[in-house]
Amino acid sequence: MLDVKFIRENPELVRQGLINKNSQDIVDEIINLYEKRRTLIAKTEELKAKKNKVSAEIPKLKKAGKDTSNIFAEMKQVGDEISQLDGSLKEVEDNIENILRSTPNIAHESVPVGKSAEENVEVRRWLPEGFSFDNDFKVLDHVELGKKLKLLDFERGTKIAGSGFPLYTAKGATLERALINFMLDVHLQKHNYTEIMPPVLVNRDSMKGTGQIPKMEEDMYFIEKDGLYPIPTAEVPITNIHREEILSEKDLPIKYVGYSPCFRREAGSYGKDSKGFLRVHQFNKVEMVKFSFPENSYEELELMVKDAEDILQALKIPYRILMLCTGDLSFSAAKCYDIETWSPAENKWLEASSCSNFESFQARRANIRFKREANKKTEFVHTLNGSGLATSRLMVSLLENYQTPEGKVIVPKVLQKYTGFEILD
RNA sequence: GGAGAGGUGGCAGAGUGGUUGAAUGCGGCGGUCUUGAAAACCGUUGUAGUCUAUGGCUACCGGGGGUUCGAAUCCCUCCCUCUCCGCCA
């Protein structure tokens with residue numbers, strides 16, 4: 001949620017920011033509503049002050065045996081007036097709230113302006129030693145490898161649940177679990193995150209807090225009977241850990257990492273990238289979440305990207321980093337890097353991670369604040385999160401990059417102690 | 001699923017329809033005492049909105065609504081938590 005005061009003080013900057021994000025310009029409307037609100041508050045509070053003052057006098061008058069019936073009549077009228085004004089005020093405030101909740105964050109100044117994904121900027125790439133984009137044998141794609149080596153069974157997954165619900169079997173399941181454990185261990189031991197195992201169903205307030213609701217509601221599963229949402233990412237429960245809290249200065253920065261399955265309806269995206277793992281309704285992800293001081297959240301973002309890169313370098317999987325342009329940024333993000341891993345069979349890069357700084361956008365929605373020792377005033381923290389990483393796309397790249405000409409797959413060295421085997425055959 | 005209890009400040013825990021933003025205790029912060037510390041004592045200690053702003057005013061006792069001149073206190077409604085029983089990984 002954007003800050004009304006910030007909008008008021010920087011109308012042109014916000015206006016341009018919203019245009020850059022392909023969003024509706026709500027600046028003038030908000031400013032008008034805000035002025036309306038202030039006028040109403042002034043009026044209603046004046047009456048309330050009067051009411052309180054008179055109310056305090058009444059017991060004294062009664063004690064003195066005076067007649068209070070005129071006062072009662074007068075105050076009755078004041079009371080009616082107040083409730084009328086309060087009604088209008090609530091209307092205006094709801095209006096402001098609704099508009100702001102549906103308005104996206106604006107991008108950081110370092111983000112390139114652009115309309116769509118085509119204008120994202122590659123900032124760097126990393127290729128393992130000896131890597132080549134050309135293979136001297138015919139590479140199999142992950143679906144073929146999964147079938148041949150009995151690692152993945154998409155048909156039976158479909159039978160059990162539906163299309164897009166992968167079934168991992170035998171060594172495929174073990175490899176998946178190994179990946180998750182390996183990634184968690186690196187973040188815990190090397191990068192000093194605190195491990196979280198969150199609920200995978202969350203309530204509506206949590207979904208609102210991180211910004212999935214109202215704009216993305218169609219993409220979420222929803223269990224109507226209990227009013228709960230299966231999480232689309234662990235970002236939701238983990239960021240909401242500190243919803244409605246005031247943290248102290250010494251708590252920050254907070255770095256959490258957690259594994260969870262993720263559930264996405266992917267409504268309207270059928271037919272696009274639908275093969276195998278490329279777009280699924282359920283996948284596994286290790287998620288990093290940070291709560292940071294406002295002044296260094298961008299340094300924290302860079303560090304978070306490096307934390308994710310560390311995993312890929314250890315696995316020796318080729319990847320590149322994109323800085324998303326303004327038009328491709330998600331609703332809540334102010335800046336975002338995507339990490340894409342190479343798929344030799346698809347002959348393209350696949351998004352395996354997304355690391356974002358939301359600045360105070362989520363914190364304001366979820367009311368996550370902190371207080372500095374020297375200062376009485378509370379401030380909103382900055383929240384960040386990033387996949388570290390999602391296993392499905394990563395698994396595609398892993399299987400395809402590690403395949404041998406015979407159609408077997410070598411287990412990456414660092415995973416071998418987790419899998420207990422060195423080759424998938 | 002059945003029965004009951006309850007939601008009050010960082011925590012614990014009072015609370016009468018009328019100077020209750022809220023007793024008391026603990027914790028936190030500041031101070032006195034002390035070589036230092038503890039103890040003791042004194043003081044202080046919520047969040048937000050708004051304004052003609054080293055101050056004033058308003059709101060907040062789970063959420064929403066109602067009764068009343070006046071509601072933490074009465075009524076309605078929703079939500080949540082806990083205990084016991086049943087079922088169960």
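Just so we're on the same page: letters track the sequence lines, and every chain starts at 1.
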Measure [atom1]/[X] against [atom2]/[N] and give the value in whole Å, please.
X	N	atom1	atom2	result
A/Ile58	B/G18	CD1	C1'	8 Å
A/Asp226	B/G1	CG	C1'	14 Å
A/Glu244	B/G10	CD	C1'	16 Å

Expressed as a whole number of Å, how far does the [atom1] atom of [N] sit from that of [M]?
N	M	atom1	result
B/C76	B/U83	C1'	27 Å
B/A12	B/C85	C1'	30 Å
B/G56	B/A5	C1'	44 Å
B/G13	B/G1	C1'	34 Å
B/C78	B/G10	C1'	28 Å
B/G30	B/A39	P	15 Å
B/G63	B/G7	C1'	12 Å
B/G21	B/U50	P	23 Å

The dot-bracket string of RNA chain B, counting Watson-Crick and G-U wobble pairs with both distances under 3.5 Å, using [ ] for crossing pairs and | for pairs to another strand, is ((((((((.[[[..)..(.....]]]((((((.......))))))((((((...)))))).[[[[[..)....]]]]])))))))....
By ring pair (Phe, Tyr, Trp, His ring centres under 6.0 Å), which residues pair with [X], not counting sequence neighbours?
X	result
A/Tyr168	A/Phe277
A/Phe263	none
A/Phe6	none
A/Phe283	none

Minimum heavy-atom separation for A/Leu329 and A/Ala107, please, with both atom names.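 Here A/Leu329 and A/Ala107 meet closest at CD1-CB, 3.6 Å.
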Applying ring-ring contact (aromatic ring centres under 6.0 Å, His included) as the test, list every pair that has at least one member in residues 221-243 of chain A; sequence neighbours left out.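 Applying ring-ring contact (aromatic ring centres under 6.0 Å, His included) to every pair that reaches into residues 221-243 of chain A, excluding sequence neighbours, yields A/Phe222-A/Tyr229, A/His242-A/Tyr256, A/His242-A/Phe291.
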Item to complete: Please list all pairs passing the ring-ring contact (aromatic ring centres under 6.0 Å, His included) test where one or both residues lie in residues 351-391 of chain A, with sequence neighbours left out.
Response: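 Only A/Phe293-A/Phe370, A/Phe331-A/Phe361 qualify under ring-ring contact (aromatic ring centres under 6.0 Å, His included).
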Residues two or more places apart in sequence or in another chain: which of them pass salt bridge (charged side-chain N to carboxylate O under 4.0 Å, His left out) with [X]?
X	answer
A/Lys190	A/Asp310
A/Glu176	none
A/Glu74	A/Lys50

With sugar-phosphate taken as primed atoms, P, OP1 and OP2 and all else as base, the protein-contact string of nucleotides 46-57 of chain B at under 4.0 Å (heavy atoms; B, S, -) is SSSBSS-----B
Here's a test of your reading of the structure: between A/Lys53 and A/Ile71, which maps to the more 5' nucleotide of RNA chain B?
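Upstream on the strand: A/Lys53.
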Requested in this report: Could you give me the CA-CA distance, side-chain angles and deciding distance for A/Tyr34 and A/Glu93, then say whether side-chain hydrogen bond (donor to acceptor under 3.5 Å, both in side chains) is met?
Outcome: CA-CA 8 Å; A/Tyr34 186 70; A/Glu93 290 191 326; over 6 Å; no
| task | May I ask you to check whether over 12 heavy atoms, not counting those of A/Glu302, lie within 6.0 Å of atom CD? | result |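 Yes - once you tally the heavy atoms of other residues, nucleotides and ligands closer than 6.0 Å, there are more than 12.
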Tabulate atom names and distances for all N/O pairs under 3.5 angstrom spanning the protein and nucleotides 60-68 of chain B.
none

